[in-house]
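Right, one structure below, let's go through it.
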Amino acid sequence: MPAFGREFFAITGRKVCILNVAWGGSYVTNYGGENTWYGDDSIRRQSASTQFQALTAELGTKGTDWVLGGLLWIQGEAEASGIAKGMAGISVATYISGTQDVFAFFRKLAGDSNLPIYISQIGGYKYELTSPGLHAAYESIRQAQKTLINESKKVFMAFDGAESFLRAGYMNDNIHYDQKGYNIVGKAFARFISNHQTF
């Protein structure tokens, strides 16, 4: 998120280093495939661990005065589609518990049980506009994200406006934001974090 780094520096004067361990279409539930964050043997977790360890080792060698500021998290479209399709093992409850488990993994990896986690509500999907069942599934995940905020410590809703991107024309395809959309999200994260956290 270049827009996040630029905005955060403009507000705080602090430079940002972002480790991108995201995977498109990934799950947090045990849906039976490889593209999931579920379970300690998850390929996604193993990859994130390797990359995080490499990054911290590199930052350490330079003697940089750095602080791990938190986790930026946008995820849930895969479960929304799974709920709409009636996939076994995917529900609002398993989405919430799976997300909480992933957050626990990242906090353990960081060695900080209070690592701040900042999330964005999921955006829209083109076919959501014409499918009441799909729309209901997406809405259930958006509501679940609000539940996560209320039930989890140090988890914050940094941005909840992505749902409007589809109608606003900020989409690159059926589900991904265009650059303007990503810039809006990045800047919103930067403003929220700079207003809610000190370094």
Side-chain angles (χ1 to χ4, degrees), residues 1 19-49 52 70-110 113-166 171 173-177 181-182 185 188-189 192:
M1 287 188 189
L19 177 63
N20 182 3
V21 297
W23 285 87
S26 61
Y27 293 73
V28 294
T29 48
N30 186 22
Y31 80 110
E34 291 187 352
N35 193 17
T36 180
W37 290 93
Y38 181 87
D40 292 334
D41 59 347
S42 160
I43 294 174
R44 299 293 165 251
R45 294 192 187 197
Q46 293 171 19
S47 176
S49 297
F52 179 75
L71 173 70
L72 311 182
W73 187 256
I74 307 174
Q75 192 278 338
E77 294 89 348
E79 275 77 19
S81 294
I83 290 172
K85 294 173 183 176
M87 292 172 63
I90 298 181
S91 65
V92 168
T94 59
Y95 169 76
I96 291 174
S97 62
T99 303
Q100 290 171 329
D101 190 65
V102 174
F103 289 169
F105 156 74
F106 277 109
R107 284 172 167 163
K108 182 178 179 180
L109 179 62
S113 61
N114 290 309
L115 180 73
I117 297 172
Y118 303 98
I119 72 173
S120 169
Q121 271 194 311
I122 60 172
Y125 179 46
K126 180 180 179 181
Y127 301 106
E128 183 187 352
L129 298 178
T130 56
S131 171
L134 189 60
H135 177 70
Y138 265 73
E139 280 296 302
S140 71
I141 292 298
R142 293 185 189 107
Q143 185 58 50
Q145 290 179 306
K146 294 179 182 179
T147 300
L148 280 165
I149 301 303
N150 294 330
E151 295 184 355
S152 308
K153 66 175 183 177
K154 302 279 283 189
V155 178
F156 307 96
M157 184 71 73
F159 183 65
D160 62 1
E163 181 184 359
S164 67
F165 283 3
L166 189 60
M171 303 295 288
D173 54 29
N174 291 339
I175 196 166
H176 297 98
Y177 314 149
Y182 281 120
V185 176
F189 269 112
F192 185 94

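Count residues from 1 along the sequence.
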* To do: Check whether any side-chain heavy atom of Glu34 lies under 4.5 Å from a side-chain heavy atom of Trp23, and answer yes or no.
  => no
* Approximate separation, where rounding is to 0.5 Å, of Ile141 CD1 and Ile96 CD1 -> 8.0 Å
* Asked: Are more than 12 heavy atoms from other residues, nucleotides or ligands located less than 6.0 Å from atom CG of Asp40?
  -> no
* Shortest non-hydrogen separation from Gly124 to Leu166 and the atoms involved -> C-CD2, 4.4 Å
* Asked: Between Gln100 and Ser152, is there a donor-acceptor pair closer than 3.5 Å when you use the side chain of the first and the backbone of the second?
  -> no
* Asked: Any sub-3.5 Å donor-acceptor pair from Glu128's side-chain atoms to Leu134's backbone N or O?
  -> no
* What pair of heavy atoms forms the shortest contact from Ala78 to Gly25, and how long is it? -> CB-O, 3.8 Å
* What distance separates Thr99 OG1 from Glu79 CD, expressed to the nearest 0.5 Å? -> 6.5 Å
* Mind telling me whether Tyr125 and Tyr127 have parallel, tilted or perpendicular rings, with 30° and 60° as the class edges? => perpendicular
* To do: List the atom of Ala48, the atom of Leu109, and the distance in Å for their closest heavy-atom pair.
  => O-CD2, 4.1 Å
* **Intermediate values then yes/no, side-chain hydrogen bond (donor to acceptor under 3.5 Å, both in side chains), Ser91 and Thr94** => CA-CA 5 Å; Ser91 65; Thr94 59; 3.3 Å; yes
* Evaluate the criterion side-chain contact (heavy atoms from CB on, under 4.5 Å) for residue pair His176 and Tyr182; output intermediate values, then yes/no. => CA-CA 9 Å; His176 297 98; Tyr182 281 120; 4.0 Å; yes
* Asked: With side chains defined as the heavy atoms from C-beta onward, is the minimum distance between Ile119 and Phe156 less than 4.5 Å?
  -> no
* **Ion pair Lys146/Glu139, N-O distance below 4.0 Å** => no
* So Phe103 and Trp73, would you call those rings parallel, tilted or perpendicular, with 30° and 60° as cut-offs? -> perpendicular
* Distance-only, no hydrogens or angles: does the Ser26 side chain make a donor-acceptor pair with backbone N or O of Ala22 under 3.5 Å? -> no
* Asked: Taking the six-membered ring for Trp, are the ring centroids of Phe189 and Tyr118 within less than 6.0 Å of each other?
  -> no
* Asked: Taking all atoms of both residues into account, what is the closest heavy-atom pair of Leu115 and Ala110, and its distance?
  -> CD2-CB, 4.1 Å
* Heavy-atom side-chain proximity of Val28 to Tyr38 below 4.5 angstrom -> no
* **Heavy-atom side-chain contact between Ser140 and Ile83 under 4.5 Å** => yes
* Structure fact -> Note: Ala80 and Ala137 closest approach over all heavy atoms is O-CB, 3.2 Å
* Yes or no on salt bridge (Lys or Arg N to Asp or Glu O under 4.0 Å) for Glu77 and Lys126, after CA distance, side-chain angles and deciding distance? -> CA-CA 12 Å; Glu77 294 89 348; Lys126 180 180 179 181; over 6 Å; no
* 4.5 Å side-chain heavy-atom contact, Arg107 and Ile117 -> yes
* Structure fact -> Ser42 and Thr36 have their tightest heavy-atom pair at OG-O, 2.5 Å
* Are the side chain of Arg142 and the backbone of Gly123 linked by a donor-acceptor contact shorter than 3.5 Å? -> yes
* Chi angles and distances behind the side-chain contact (heavy atoms from CB on, under 4.5 Å) call for Phe52, Val21 -> CA-CA 9 Å; Phe52 179 75; Val21 297; over 6 Å; no
* Asked: Side-chain contact, heavy-atom cut-off 4.5 Å: Gln145 with Met157?
  -> yes
* Are any non-hydrogen side-chain atoms of Glu163 and Tyr138 less than 4.5 angstrom apart? -> no
* Asked: Between Gln121 (side chain) and Phe159 (backbone), is there a donor-acceptor pair under 3.5 Å?
  -> no
* **Note: Asp101-Arg45 ion pair, threshold 4.0 Å (strictly below)** => yes
* Asked: Any side-chain heavy-atom pair from Val185 and Phe165 closer than 4.5 angstrom?
  -> yes
* Using the six-membered ring of Trp37, assess whether NZ or CZ of Arg44 lies under 6.0 Å from its centre and within 45 degrees of the ring axis. => no
